[in-house]
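A short worksheet on the structure shown next.
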There are 2 protein chains.
Amino acid sequence: MNSALSILKHHKLRITDCRLEIIREFLSKQVALAHSDLEESLNSQFDRVTIYRTLKTFLDQDLVHKVLDDSGATKYALCSHEEADHNHEHVHFKCEKCGETTCLDAIALPKISLPKGFKKQEMNLLIQGTCSKCS
Amino acid sequence: MNSALSILKHHKLRITDCRLEIIREFLSKQVALAHSDLEESLNSQFDRVTIYRTLKTFLDQDLVHKVLDDSGATKYALCSHEEADHNHEHVHFKCEKCGETTCLDAIALPKISLPKGFKKQEMNLLIQGTCSKCS
DNA sequence: GTTTATGCAAATTCTTTGCAATACT
DNA sequence: AGTATTGCAAAGAATTTGCATAAAC
């Protein structure tokens with residue numbers, strides 16, 4: 001039940017080629033993808049604008065989440081089931097050499113106590129360095 | 001010794017109006033600033049391009065660091081002295097209501113052990129929620 | 001048949017580059 | 001004087017919007 005089709009159905013979105021292909025990209029490559037990555041790998045199969053709108057739709061429906069990046073490009077990754085239930089804690093590792101960002105689901109974030117009056121809704125930890133492939 | 005002037009001298013940069021004013025903005029507002037924030041608060045006192053180049057110079061000289069943000073805009077904050085000595089660990093809090101991002105220097109990041117072959121160089125934790133002013 | 005998504009064109013915004021004039025040391 | 005910075009113009013990316021056509025339900 002982790003097919004592109006079932007994911008779309010689960011989020012009650014219309015089934016279109018563009019949406020299916022974009023989800024398949026996320027499923028096959030296990031890294032965070034930017035708009036430009038999708039545009040390139042889908043090889044002009046769909047309009048640039050359609051990809052922007054698809055990502056926006058997915059974001060609104062909590063099908064993907066933004067992945068922080070210091071390069072300026074906005075990157076996205078599929079939400080896991082838990083995240084879809086509003087557990088928003090992400091740990092990502094970005095390799096400075098190959099530029100790839102991967103989710104480190106195995107690592108849990110410790111509880112952090114904030115100053116008075118601050119309410120936490122989401123935590124994002126980005127670790128930058130060199131990945132195993134590049135070191 | 002925390003004046004705009006001394007900061008520039010410490011980094012061996014030429015003293016110019018634009019650089020002084022931008023550092024003063026960072027010193028007075030205690031939040032992370034994007035290019036657009038500076039452009040607005042400096043009220044066209046300097047060219048848009050000059051602000052871009054000044055931020056780039058500051059970044060190269062480790063006078064400011066990038067602050068992660070999910071809005072797409074690149075934000076910057078002054079480096080503290082320790083950070084200038086290449087201790088790159090940042091905890092930031094972004095309020096979803098007012099949009100302001102503040103440094104939480106008091107909070108230390110726990111040590112995180114990465115999978116084999118991964119080398120850590122920098123860690124950024126962004127906590128999003130509601131700040132004390134907005135709650 | 002009604003609603004929603006797509007493609008195309010065009011407008012905006014964001015960022016970078018080249019070059020001559022100016023300011024800094 | 002010599003070098004680095006600025007402003008202006010213009011180019012190049014990234015992102016958004018409007019609208020008619022096409023596809024999904």
Side-chain angles (χ1 to χ4, degrees), chain A residues 3-25 32-76 99 101, chain B residues 3-25 32-76 99 101:
Chain A
S3 67
L5 186 60
S6 62
I7 290 174
L8 280 182
K9 283 185 178 171
H10 185 259
H11 288 266
K12 289 170 186 157
L13 289 172
R14 290 197 176 185
I15 316 298
T16 71
D17 286 354
C18 182
R19 288 172 178 175
L20 287 169
E21 287 302 321
I22 288 181
I23 295 177
R24 283 184 194 124
E25 282 297 314
L33 299 174
H35 176 273
S36 58
D37 298 324
L38 290 166
E39 199 181 351
E40 198 178 326
S41 54
L42 296 175
N43 208 48
S44 320
Q45 200 179 343
F46 307 101
D47 194 89
R48 196 185 292 109
V49 177
T50 303
I51 300 176
Y52 275 113
R53 287 195 270 226
T54 302
L55 287 170
K56 190 168 192 309
T57 302
F58 286 0
L59 207 53
D60 292 343
Q61 302 295 328
D62 283 322
L63 198 153
V64 299
H65 62 266
K66 284 191 182 181
V67 175
L68 296 179
D69 193 280
D70 69 346
S71 73
T74 310
K75 293 188 170 186
Y76 303 86
T101 304
Chain B
S3 68
L5 187 61
S6 62
I7 291 175
L8 279 182
K9 283 184 178 170
H10 186 258
H11 289 267
K12 290 172 185 156
L13 289 172
R14 290 200 174 182
I15 316 299
T16 70
D17 286 352
C18 183
R19 288 173 179 174
L20 287 169
E21 287 302 322
I22 288 181
I23 295 177
R24 284 186 194 124
E25 281 297 312
L33 299 175
H35 175 274
S36 58
D37 298 323
L38 290 166
E39 198 181 352
E40 198 177 326
S41 54
L42 296 176
N43 209 47
S44 320
Q45 199 178 344
F46 307 102
D47 194 88
R48 196 185 292 108
V49 177
T50 304
I51 300 175
Y52 276 113
R53 287 194 271 224
T54 303
L55 288 170
K56 190 167 192 311
T57 302
F58 286 0
L59 208 54
D60 292 343
Q61 302 294 328
D62 283 322
L63 199 152
V64 301
H65 61 265
K66 283 191 183 182
V67 175
L68 296 179
D69 193 280
D70 69 347
S71 73
T74 310
K75 292 188 170 186
Y76 304 85
T101 303

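By convention in this document, chain letters (A, B, ...) are assigned in the order of the sequence lines, proteins followed by strands, and residues within each chain are numbered from 1.
- Which of C:dT17, C:dT25, D:dT6 sits closest to the side chain of B:R19 comes down to D:dT6.
- Contact check on B:D69 versus B:K75 returns a salt bridge, with a Lys/Arg side-chain nitrogen under 4.0 Å from an Asp/Glu carboxylate oxygen.
- One interatomic measurement links the two molecules: CZ of B:R48 to P of D:dA11, which rounds to 16 Å at whole-angstrom precision.
- Checked against D:dC25, C:dC14, C:dA9, the side chain of B:Y52 finds its nearest nucleotide in C:dC14.
- Nearest-nucleotide positions on DNA chain C place A:V49 closer to the 5' end than the other of B:I15 and A:V49.
- With distances taken from any side-chain atom of A:T50 to the nucleotides D:dG7, C:dG7, D:dT3, the minimum falls on C:dG7.
- In this structure, A:R53 atom CZ and D:dG18 atom P are separated by 10 Å, rounded to whole Å.
- For B:C18, counting side-chain heavy atoms from C-beta on, the closest listed nucleotide (C:dA9, C:dT16, D:dT6) is D:dT6.
- The CG atom of A:D47 sits 18 Å away from the P atom of D:dC19 (whole-angstrom rounding).
- Between the CG atom of A:L20 and the C1' atom of D:dA23 there is a distance of 13 Å, rounded to whole Å.
- Listed nucleotides: D:dT3, D:dT6, C:dA5. Nearest to the side chain of B:T54: D:dT6.
- In terms of heavy atoms, B:V64 sits closest to B:L59 at O-CD1, 3.6 Å.
- For the OP1/OP2 pair of D:dT6 and a distance below 4.0 Å, the side-chain nitrogens and oxygens of B:T16 include at least one atom meeting the criterion.
- A straight line from CG of B:L55 to P of C:dT15 spans 10 Å, rounded to a whole angstrom.
- Put simply, CG on B:L55 and CD1 on B:I22 are 5.5 Å apart, with the number rounded to the nearest 0.5 Å.
- No donor-acceptor pair closer than 3.5 Å links the side chain of A:D60 to the backbone N or O of A:T57.
- Between B:H11 and B:D62 the shortest heavy-atom distance is CE1-O, 3.7 Å.
- Side-chain atoms of A:R14 lie closest to D:dA24 of the nucleotides D:dA24, D:dT5, C:dT6.
- The distance from atom CD1 of A:I51 to atom C1' of D:dT16 is 15 Å, rounded to the nearest whole Å.
- Note: CD (B:E39) to P (D:dT6) measures 15 Å, nearest angstrom.
- Atom-to-atom, CG of B:L42 to P of D:dT6 comes out at 12 Å; the value is rounded to the nearest Å.
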